[in-house]
Asks: 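Before we start, here is the structure in question, set down as structure tokens.
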Amino acid sequence: MPTYILLFGAPGAGKGTQSAILKAEYGIPHVASGDLFRMHLGQNTALGQLARAYIDNGELVPDDVTVQMIRDRLHEPDAANGAVLDGFPRTIPQAEELDGLLAEFGGKVDVVLSLKVREATLLERVANRALTSGRADDQPEVLAKRIKVFLSQTLQLEDYYRERGLLAEIEGERSVTDVTGQIHAALKTFAGL
Ligand code: AP5
Ligand code: MG
């Protein structure tokens with residue numbers, strides 16, 4: 001059965017950082033909705049053109065477009081054994097669609113790793129990253145909007161997954177190595193990995 005690990009958290013919480021480590025350790029691809037959108041922006045595809053206004057304003061791209069992009073990615077052969085999903089789902093409808101999609105592969109969400117980080121730390125981390133990331137949405141006013149959108153539209157997913165016994169809360173303020181250690185413990189407890 002394929003394995004699906006979800007990385008959840010605010011902008012700058014460390015989802016991408018930890019996903020890259022898990023990808024190497026478990027040999028399953030890192031599927032990040034934000035990275036996929038940025039690839040489309042870079043290639044100026046129709047999807048990229050549609051998504052640009054949302055991303056540059058720190059808003060969520062509409063669910064139907066986002067779900068279809070993830071569906072296509074998970075159908076690629078390298079994802080046959082599962083994936084580390086980073087930044088998806090971000091809304092309840094996305095989470096519901098994901099349940100159906102993973103069932104098509106005979107899988108399910110194995111665990112949701114929620115990286116908990118204070119807002120002051122998020123601002124500091126992303127301000128640092130903005131120096132080199134080239135991400136237009138790392139500018140302070142767009143970052144503030146992304147955090148607001150996370151709190152108003154995405155954070156409620158914690159309850160969705162807590163009710164299903166899948167939510168592992170991780171102290172994301174600690175060092176990268178410490179956070180990875182907490183994640184290993186959660187993967188063992190929740191998914192037997
Ligand atoms: P996305 O690319 O997913 O951005 P995000 O969620 O805002 O998160 P970031 O990538 O900024 O942070 P991260 O948690 O990956 O942290 P990182 O590891 O880089 O989404 C971008 C946009 O795309 C959205 O705003 C939206 O428009 C659209 N989108 C994406 N998904 C969507 C969806 N499902 N539905 C609709 N729209 C969607 O770490 C941050 C920094 O901190 C790095 O410099 C890192 O080196 C450092 N760091 C990490 N961990 C630590 C640590 N433990 N200690 C110290 N420093 C650390
Ligand atoms: Mg990221």
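Counting starts at 1 for both ligands and their atoms, in listed order.
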Asks: Taking salt bridge (charged side-chain N to carboxylate O under 4.0 Å, His left out) as the test, write out the residues that go with Glu124, two or more places apart.
Replies: none
Asks: What's the shortest heavy-atom distance between Ser19 and Leu7, and which atoms?
Replies: OG-CG, 3.5 Å
Asks: Counting only heavy atoms and a distance below 4.0 Å, can you name the residues contacting ligand 1?
Replies: Ala10, Pro11, Gly12, Ala13, Gly14, Lys15, Gly16, Thr17, Ser33, Gly34, Phe37, Arg38, Ile55, Glu59, Leu60, Val61, Thr66, Gly87, Phe88, Arg90, Gln94, Arg125, Arg129, Arg135, Asp137, Arg146, Gly172, Arg174, Ser175, Val176
Asks: Does Phe8 have its ring centroid less than 6.0 Å away from the ring centroid of Phe150?
Replies: yes
Asks: With sequence neighbours left out, write down each residue that passes salt bridge (charged side-chain N to carboxylate O under 4.0 Å, His left out) with Asp35, or none if nothing qualifies.
Replies: Arg38
Asks: According to side chain to side chain contact (heavy atoms under 4.5 Å, CB included), who are the partners of Glu141, at least two apart in sequence or on a separate chain?
Replies: Gln139
Asks: Distance alone, cut at 3.5 Å: any donor-acceptor contact between the side chains of Asp138 and Ser133?
Replies: yes
